[in-house]
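Please read all numbers here as calculations on a predicted model, not as lab measurements.
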Amino acid sequence: MVSCHHILKLSILVFTIKSPKSWNFPMKNHHSLMLLCISMLVICQNLGNVEGRYHFHKKLKGKTSNRVSPAYAPTPEDHISQPPDYPPPVPSDPSYAPAPSDVSDPGNSTGDCIFDVRSFGAVGDGDNDDTAAFRAAWKEACQVESGVVWVPSDGTFMITSTIFSGPCKSGLVFRVDGVLMPPNGPDCWPKSDSSKQWLVFYRLDDMTLTGTGTIEGNGQKWWDLPCKPHKGPGGSTLPGPCESPALIRFFMSSNLVVTGLRIRNSPKFHMKFDGCRGVLIDKLSISSPKLSPNTDGIHIENTKSVGIYNSVIGNGDDCISIGTGCSDVDIEAVTCGPSHGISIGSLGVQNSRACVSNITVRNAIIKDSDNGLRIKTWQGGSGSVTGIWFENIQMENVRNCVIVDQYYCLSKACRNQTSAVYLTDVTYRNIKGTYDVRSPPIHFACSDSVACTNITMSEVELLPYEGVLVDDPFCWNAYGIQETLTIPPIDCLQEGMPRSLAENSLYDC
């Protein structure tokens, strides 16, 4: 189908091919031609509006959508915005989240709710173990309304692996204005401490982690372990055990706010949410080197009602990874890269059931990354991924800009299996920019036995970062529609629905 955009170009070309003085007919005919061109554009626009009004997708039973379609693709200068007026139901009073100025100098406060860790014996010289002081300050703050555990700005505080548990009084704030860090590497890690996690916030409600300071992960010595990928002799990987701690973990908690902090150099995941409900993340800076292994920026699983806004993430793995059991996740104004992109998955490992629904990513920038927008599942899984919306995404030198991989495997020993996680109702709208020519920019590798359905492509324009050759997309057992012409053309996307697809309890969630 020829778009109104093409008609506009054609009209301008016809009208400007020669000056009016060189035409051999009266000027009034020239005016008539100009009116004809304008009329063509008006009619075309109206037809486009009618097309848009009557187009619809097959929806899952009981599913509704109230998504708003912004009219622009972000640029590096305008990608930071305020959280929208329509986030999912995150903390009961999101406006409570303290900005850096709200508790800007707790040391000057005479209130009874500020608990300075130095008052409990913390030294803050980066060498002494301040764990006991932090635990004592937490214990006191937990027992009062709107208590604040304060890490002052003029210190570097080292603590060992600690679980800060609730329940606590509402409005608890853990405020880091200085530097907070774990022991420096596995050799300094206490043998009695868990090597899987460092800071854990457990069974809390209405709690905020904020500040103007830095949470420093001291990850380098963990990344250099010979059991990490390509760190052994000759670039090999030696057998483990090779556990490394996630830097910050929220577990079985609700109504959480994380804002304002710099989080750097985690040994593994920088921040992880597991079994939580109601999470608001805003204005974070997360960073680690491009080759640091398994350093996901934000990982969520079994977590519902999440908003992630106005954050900059660069690391050695996924900027944001979404695991099973997640729904109602809204991601906006995130700059990602270098990284492995924004990922849903991996899902269905070891024949497990995975359920992910209602995920929105919009007004984001992904740059210098191995992947852009990725959905990855293992063979043999069950469940479904549905209601996924990617909109207004700017790509800059990204390999695999748009990728669905239902053959995800970490070795060459994975065998073909007949069941799979069912992927349906996925929209890519206004995805533009440049791709790394080592891989095709669009890759839909769907399961042999369970096709991907209802994929929608609209205003997708991806050009090579270097060179002029545009790679053809790859599709396997993928069904959907092109609402507009795409660059490169995605002629391999099949129309309609597969004949073999039937209702199956394996896909229920």
Side-chain angles (χ1 to χ4, degrees), residues 98 100 102-109 111 113-144 147-166 168 172-202 204 207-222 244-250 257-272 284-288:
D102 293 341
V103 196
S104 57
D105 192 1
N108 293 333
S109 173
C113 297
I114 308 298
F115 299 89
D116 182 343
V117 293
R118 279 200 170 121
S119 299
F120 294 85
V123 178
D125 62 357
D127 293 321
N128 281 277
D129 183 355
D130 292 324
T131 308
F134 274 73
R135 289 175 176 170
W138 175 270
K139 184 177 179 180
E140 294 295 322
C142 180
Q143 298 177 41
V144 301
V148 178
V149 176
W150 184 44
V151 182
S153 60
D154 59 346
T156 298
F157 300 85
M158 189 273 289
I159 68 173
T160 60
S161 178
T162 303
I163 299 177
F164 296 103
S165 62
C168 295
L172 181 61
V173 176
F174 194 109
R175 182 175 181 87
V176 180
D177 288 333
V179 176
L180 182 60
M181 65 182 189
N184 189 16
D187 292 339
C188 300
W189 204 264
K191 302 300 181 185
S192 59
D193 285 359
S194 170
S195 59
K196 294 183 178 180
Q197 55 197 21
W198 177 52
L199 288 186
V200 181
F201 297 96
Y202 174 57
L204 296 166
M207 181 257 176
T208 295
L209 175 62
T210 188
T212 60
T214 299
I215 298 179
E216 168 61 54
N218 288 334
Q220 184 67 55
K221 293 181 180 179
W222 296 94
S244 299
L247 198 62
I248 303 168
R249 184 188 183 198
F250 288 89
V257 175
V258 184
T259 181
L261 289 164
R262 292 183 295 274
I263 304 172
R264 307 189 312 179
N265 300 324
S266 175
K268 198 175 180 181
F269 294 177
H270 286 77
M271 183 171 292
K272 183 176 181 181
L284 289 188
S285 171
I286 298 176
S287 62
S288 62

Of all residues at least two apart in sequence or in a different chain, which pass the side chain to side chain contact (heavy atoms under 4.5 Å, CB included) check with K196?
S194, E243
Consider only side-chain N and O atoms of Q220 and N265, and report whether a donor and an acceptor are under 3.5 Å apart.
no
Would you compute the distance between atom CZ of F157 and atom CE of M181 and round it to the nearest 0.5 angstrom?
10.5 Å
Heavy atoms, side chains only, cut-off 4.5 Å: are P186 and S195 in contact?
no
Distance-minimising heavy-atom pair for R262 and T212:
NH2-O, 3.2 Å
Test of understanding: with ring pair (Phe, Tyr, Trp, His ring centres under 6.0 Å), list the residues that count as partners of F269, not counting sequence neighbours.
H299
Which pair of heavy atoms, one from D116 and one from P152, lies closest together, and at what distance?
OD1-CG, 3.3 Å
Listed pairs under 3.5 Å, donor-acceptor, residues 128-135 side chains, sequence neighbours left out:
unit_1 : atom_1 : unit_2 : atom_2 : d
N128   : ND2    : D125   : OD1    : 3.3
N128   : ND2    : D125   : OD2    : 2.6
D129   : OD1    : T131   : N      : 2.9
D129   : OD1    : T131   : OG1    : 2.4
D130   : OD1    : V123   : N      : 2.8
D130   : OD2    : G124   : N      : 3.1
T131   : OG1    : T160   : N      : 2.8
T131   : OG1    : T160   : OG1    : 3.1
R135   : NH2    : S161   : O      : 3.3

Tell me whether T210 contacts the main-chain N or O of T259 through its side chain, where contact means a donor paired with an acceptor under 3.5 Å.
yes
Plane angle bin for F174 and F201 - parallel if under 30°, tilted between 30 and 60°, otherwise perpendicular:
perpendicular
Find the distance between CG (L199) and CG (L180) and round it off to the nearest 0.5 Å.
5.5 Å
Which residues pass the side-chain hydrogen bond (donor to acceptor under 3.5 Å, both in side chains) test with S288, not counting sequence neighbours?
S292, T295
Closest contact, heavy atoms only, W138 versus C168:
CZ2-SG, 4.0 Å
Please find the pair of heavy atoms, one from P267 and one from P245, that lie closest to each other, and give the distance.
CB-O, 3.5 Å
Is W198 close to S266 at the side-chain level, that is, under 4.5 Å between some pair of heavy atoms?
no
Work out which heavy atom in L247 is nearest to a heavy atom in P182; give both atom names and the distance.
CD1-CG, 4.4 Å
Quick check: are there more than 12 heavy atoms from other residues, nucleotides or ligands sitting under 6.0 Å from NZ of K268?
no
Who are the salt bridge (Lys or Arg N to Asp or Glu O under 4.0 Å) partners of D154, not counting sequence neighbours?
R118
Heavy atoms only: give me the nearest G147-F115 pair and the separation to one decimal.
CA-CE1, 4.4 Å
To the nearest 0.5 Å, what is the distance between CG on L261 and CG on L209?
5.0 Å
According to side-chain hydrogen bond (donor to acceptor under 3.5 Å, both in side chains), who are the partners of R249, at least two apart in sequence or on a separate chain?
Q197, D274
With a 3.5 Å distance limit and no angle check, can you tell me whether Q143 reaches the backbone of K139 through a side-chain donor-acceptor pair?
yes
Could you grab the distance from atom CD1 of I286 to atom CD1 of I248, nearest 0.5 Å is fine?
8.0 Å
Verify, without hydrogens or angle tests, whether W150 (side chain) and D177 (backbone) share a donor-acceptor contact under 3.5 angstrom.
no
CG-CE distance between N218 and M158, expressed to the nearest 0.5 angstrom:
9.5 Å
Do the side chains of F164 and V149 get nearer than 4.5 Å, heavy atoms only?
no
Does some side-chain heavy atom of M271 sit less than 4.5 Å from a side-chain heavy atom of I263?
yes
Spacing of NE2 belonging to H270 relative to OG belonging to S285, to within rounding of 0.5 Å
9.5 Å
